[in-house]
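As structure tokens, the structure follows; a few thoughts come after it.
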Amino acid sequence: MTEKNRIAIAILALGGQGGGVLAEWIQHVAREAGWLAQGTSVPGVAQRTGSTVYYVELARAGVDGRMPIMAQMPMPGDVDVVVASELMEMGRAVLRGFSTAGKTTLIGSTHRIYAISEKQVAGDGRGNGEKILAAARERSARFIGFDMEAATERTHSVISAIMFGALAGSGALPFPREAFEAAIHHSGKAVKSNLAGFAEGFARAQGEIAMPQEEAPEIPMPTTTMGKVLAARARAGLPDAALANALHGLAKLMDYQDGDYAALYLDRLERIAAMDRAPFDLTQEAARHLALWMAYEDTIRVADLKVRAARFERVRDEVKVKDGQVLTVTEFMHPRLQEVAESLPGWLGRRVMGSAWLDRALSKGRHVETTSLRWFLALRLVAMGRGWRRSTLRYAQEQGRIEAWLNRAQKAAETDLALATEIIRAQRLIKGYGDTFDRGLERFAAIMAQADAGAGADALRVAREGLLKAA
């Protein structure tokens with residue numbers, strides 16, 4: 001059996017992306033054309049929703065009177081076509097040697113689904129996409145890459161249909177377009193939307209390699225009287241360089257708490273701006289990081305975000321819930337005694353913090369069905385704590401930390417704006433809640449200790465960047 005009578009195809013996809021459906025479509029096309037077709041799959045570990053390799057081998061039946069013996073898995077250096085559903089999956093295919101220079105047609109999406117290991121890093125832990133694209137070009141005979149996730153949104157389809165269209169459009173398989181479309185019709189499922197996705201993928205396969213388009217967030221426009229007053233005050237009293245961040249900060253804190261809290265943010269920011277000068281890096285950084293810290297994630301905030309209608313709509317869109325289907329969302333929640341105590345009034349929270357029996361009661365997490373009436377109402381009740389947030393133990397703690405941080409920056413700004421700016425940027429280490437927040441706060445405290453010991457701006461920057469790379 002010569003190579004032209006055999007085609008090896010590797011599909012790398014995440015769980016729920018329809019890699020198995022794509023493999024079935026390819027086999028149907030081949031069999032209808034009189035080819036032999038075999039498909040296997042090897043599921044990966046539970047990472048990024050489960051990464052799976054699907055292998056499809058096609059061969060002309062009975063060449064030279066002999067039936068071919070087909071492989072169960074793709075072998076490095078022996079794959080004709082690789083289809084990957086995401087940028088890191090494409091990188092994984094290249095790393096494993098599935099894509100070979102001068103031989104393989106590599107088709108992949110350039111969008112990202114971030115791994116847990118990337119999310120755990122305090123700073124920007126994302127893998128280097130440019131290196132993957134360079135390797136894809138170098139280690140393939142032809143590389144087709146575009147944002148397939150965006151294509152699914154445009155066509156209201158699924159990524160497997162986009163990949164199928166791109167495969168057909170690549171010309172890597174000796175079958176006409178009509179044969180691919182017939183496979184979709186034969187499946188009988190979501191034919192109209194799948195054909196729309198197929199057409200989009202087919203057309204994009206003829207175009208240039210394209211990365212996802214990142215749109216700059218629009219400047220929020222205030223809709224309330226208080227919001228308009230604060231926005232006008234920001235425009236009048238802050239440098240232009242900081243205005244966009246400040247307007248986003250005001251909108252965030254109006255949503256987080258109320259107009260008075262957003263006004264406190266502006267009071268603090270104006271104190272920093274009064275000590276700054278062109279190019280106003282200090283005020284620009286403060287506008288961003290002060291808003292992030294003031295919108296710290298307590299149990300009230302977490303509960304509020306869990307039960308928002310916009311969140312349920314986003315989940316429905318992500319899993320493509322159809323009319324008549326019921327969506328159930330189950331989440332794992334494990335509030336510690338500390339989080340519970342910090343959500344109570346200060347005097348009560350301090351007493352509860354030492355409760356041994358409550359600590360034992362909260363020692364285990366639980367699965368919470370947030371779409372059930374019981375848990376939805378329970379979380380909604382917690383979210384209503386926004387009304388008494390200012391009296392909570394956590395509020396007092398965070399306002400004290402924020403003021404100490406700003407005072408350090410103001411003192412540094414009297415003689416060294418670069419040092420003050422690095423003190424402000426150290427807030428990047430603080431994010432999330434629970435153990436994540438505690439780790440970030442410890443790292444932030446280490447940076448502040450260096451500043452108090454007389455370290456300069458460069459030393460703080462190096463220390464911060466090192467800590468941001470740590471998980």
Within a strict 4.5 Å, meaning less than it, do heavy atoms of the [X] and [Y] side chains meet?
X	Y	result
N194	W25	yes
H248	P220	yes
M211	L133	yes
L290	L406	yes
P239	D276	no
L373	L377	yes
V302	E339	no
I132	R112	no

Give a yes or no on whether the backbone of [Y] and the side-chain of [X] come within a donor-acceptor separation of less than 3.5 Å.
X	Y	answer
T155	A196	no
Y296	I430	no
T283	F280	no
Q257	R386	yes
Q27	A23	yes
D298	S343	no
W35	V29	no
T104	V79	yes
R6	A59	no
R142	S170	yes

### Task
Verify whether one side chain among T421 and D281 offers a donor that lies under 3.5 Å from an acceptor in the other.
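The answer is no; no qualifying pair exists.
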### Message
Under 6.0 Å from the ring centre and within 45 degrees of the ring axis: does the NZ or CZ of R389 meet both conditions for the six-membered ring of Y256?
### Response
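Yes.
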#### Entry: Cation-pi check, R336 onto F437 ring (under 6.0 Å, within 45° of axis)
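R336 over F437 ring: no.
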Atom pair [atom1]/[atom2] of [X] and [Y] - distance to nearest 0.5 Å:
X	Y	atom1	atom2	answer
I423	M448	CD1	CE	5.5 Å
T370	L327	OG1	CG	8.5 Å
E178	F180	CD	CZ	10.5 Å
L87	M148	CG	CE	11.0 Å
L247	I219	CG	CD1	6.0 Å
T110	E149	OG1	CD	11.0 Å

### Message
If the condition is side chain to side chain donor-acceptor pair (under 3.5 Å), which residues does S85 pass it with, not counting sequence neighbours?
### Response
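Counting only residues at least two positions away or on another chain, S85 forms a side chain to side chain donor-acceptor pair (under 3.5 Å) with Q17.
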### Message
Applying side chain to side chain donor-acceptor pair (under 3.5 Å), can you list everything that pairs with R401, at least two apart in sequence or on another chain?
### Response
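Only E398 meet the side chain to side chain donor-acceptor pair (under 3.5 Å) criterion with R401.
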Looking only at non-hydrogen atoms, find the nearest pair between [X] and [Y] and report the distance.
X	Y	value
R425	E422	NH1-OE2, 3.0 Å
A205	I144	CA-CG2, 3.9 Å
Y54	A13	CE1-CB, 4.3 Å
E57	A71	OE1-N, 3.3 Å
N245	A287	CB-CB, 3.6 Å
F198	E181	CE2-CG, 3.6 Å

### Task
For the pair F332 and H334, name the ring-plane relationship: parallel under 30°, tilted 30 to 60°, perpendicular over 60°.
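Judged by the thresholds at 30° and 60°, the geometry between F332 and H334 is perpendicular.
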Check ion pair [X]-[Y] (N to O, under 4.0 angstrom):
X	Y	answer
E331	R311	yes
E465	R461	yes
D435	R439	no

### Query
Checking side chain to side chain contact (heavy atoms under 4.5 Å, CB included) for the pair I9/D80: CA distance, chi angles, key distance, verdict?
CA-CA 6 Å; I9 305 167; D80 301 288; 6.0 Å; no
Flag yes if more than 12 heavy atoms outside [X] fall under 6.0 Å of its [atom1] atom; otherwise flag no.
X	atom1	value
H186	NE2	no
M75	CE	no
M73	CE	yes
E208	CD	no
R366	CZ	no

### Passing candidate, side chain to side chain contact (heavy atoms under 4.5 Å, CB included) with I11, options I26, I107, V81
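It is I26, the one option of I26, I107, V81 that forms the side chain to side chain contact (heavy atoms under 4.5 Å, CB included) with I11.
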### F444 and W293: CA distance, side-chain angles, deciding distance, ring-ring contact (aromatic ring centres under 6.0 Å, His included) verdict
CA-CA 12 Å; F444 171 83; W293 198 337; 5.2 Å; yes
#### Entry: side chain to side chain contact (heavy atoms under 4.5 Å, CB included) evaluation trace for K306 with V368
CA-CA 11 Å; K306 294 290 186 185; V368 174; over 6 Å; no
Below 3.5 Å, can you tabulate the donor-acceptor pairs from side chains in residues 158-167 to any protein atom, sequence neighbours excluded?
none

### Message
If you apply the rule side chain to side chain contact (heavy atoms under 4.5 Å, CB included), what do you find for Q38 with Q72, and how did you get there?
### Response
CA-CA 9 Å; Q38 174 181 280; Q72 299 295 307; 3.5 Å; yes
### Derivation of the side chain to side chain contact (heavy atoms under 4.5 Å, CB included) call for K189 and V21
CA-CA 11 Å; K189 296 180 180 179; V21 173; over 6 Å; no
